[in-house]
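To start, the structure itself, in C-alpha cells.
Keep in mind it's a predicted model, so treat the numbers as computed, not measured. Note: hydrogens, waters and symmetry copies are ignored here, and every other heavy atom, side chains too, is used.
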Amino acid sequence: MPREDRDAAHGDAPPPTDGLSAFLARAHLAARNGHGPGTAMPPGAARLLGLDALTLNMLAHDGHLELLWCDPATGLGPELDNLQYALGDGPTRETARQGHPLT
C-alpha cells in the first residue's frame, strides 16, 4: 500500500506517543471494566505497532469470528477481515483454530 494511501486510511492521525505498554494496559483495563475497545484504543494504534491495519475479533461459542474493532475504521482492516470470512481462511481464522498467535 503506498504511503499516501496508508496515511489517508488513518485519517492522518499521528501515531500514539505513550508507548506500547500504556496502549496495551489501557486496552486491558477497558476490557476488565466492560468497555468496548474503541474507548481505550487511540486512532493510530496500528501505526504504533508498525502495521497498516489492526483488527480485533471475538470468537463466538459456535466458532465464528465477529469483528469488534479495527484501526483504521475503514479500508484495509475491515476489507481483509471480510475477505477472510468469505474465503473461510486467513491468519485470524488460523489463530482462532490454533489457539495462539501465528509467528
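By the side chain to side chain contact (heavy atoms under 4.5 Å, CB included) test, Asn57 pairs with Thr55, Leu65, Leu67, Asp81, Thr92, sequence neighbours left out. Listed by chain and number, the residues in a side chain to side chain contact (heavy atoms under 4.5 Å, CB included) with Arg97 are Asp89, Arg93, Glu94 (sequence neighbours excluded). Every residue was checked against the side chain to side chain contact (heavy atoms under 4.5 Å, CB included) condition with Ala86, not counting sequence neighbours, and none meets it.
Between the side chain of Asp62 and the backbone N or O of His64 there is at least one donor-acceptor pair closer than 3.5 Å. The closest donor-acceptor contact from the side chain of Asp71 to the backbone of Leu54 lies at 3.5 Å or more, if one exists at all.
Linking Ile, Leu, Val, Met, Phe, Trp and Tyr residues whenever their side-chain heavy atoms come within less than 4.5 Å places Leu56 and Leu51 in a single cluster. Clustering ILVMFWY residues whenever any of their side-chain heavy atoms sit less than 4.5 angstrom apart, transitively, puts Leu68 in a cluster other than the one holding Tyr85.
The shortest heavy-atom contact between Pro78 and Pro72 is CD-O, 4.0 Å.
Rounding to the nearest 0.5 Å gives a distance of 11.0 Å between CD of Glu66 and CG of Leu59.
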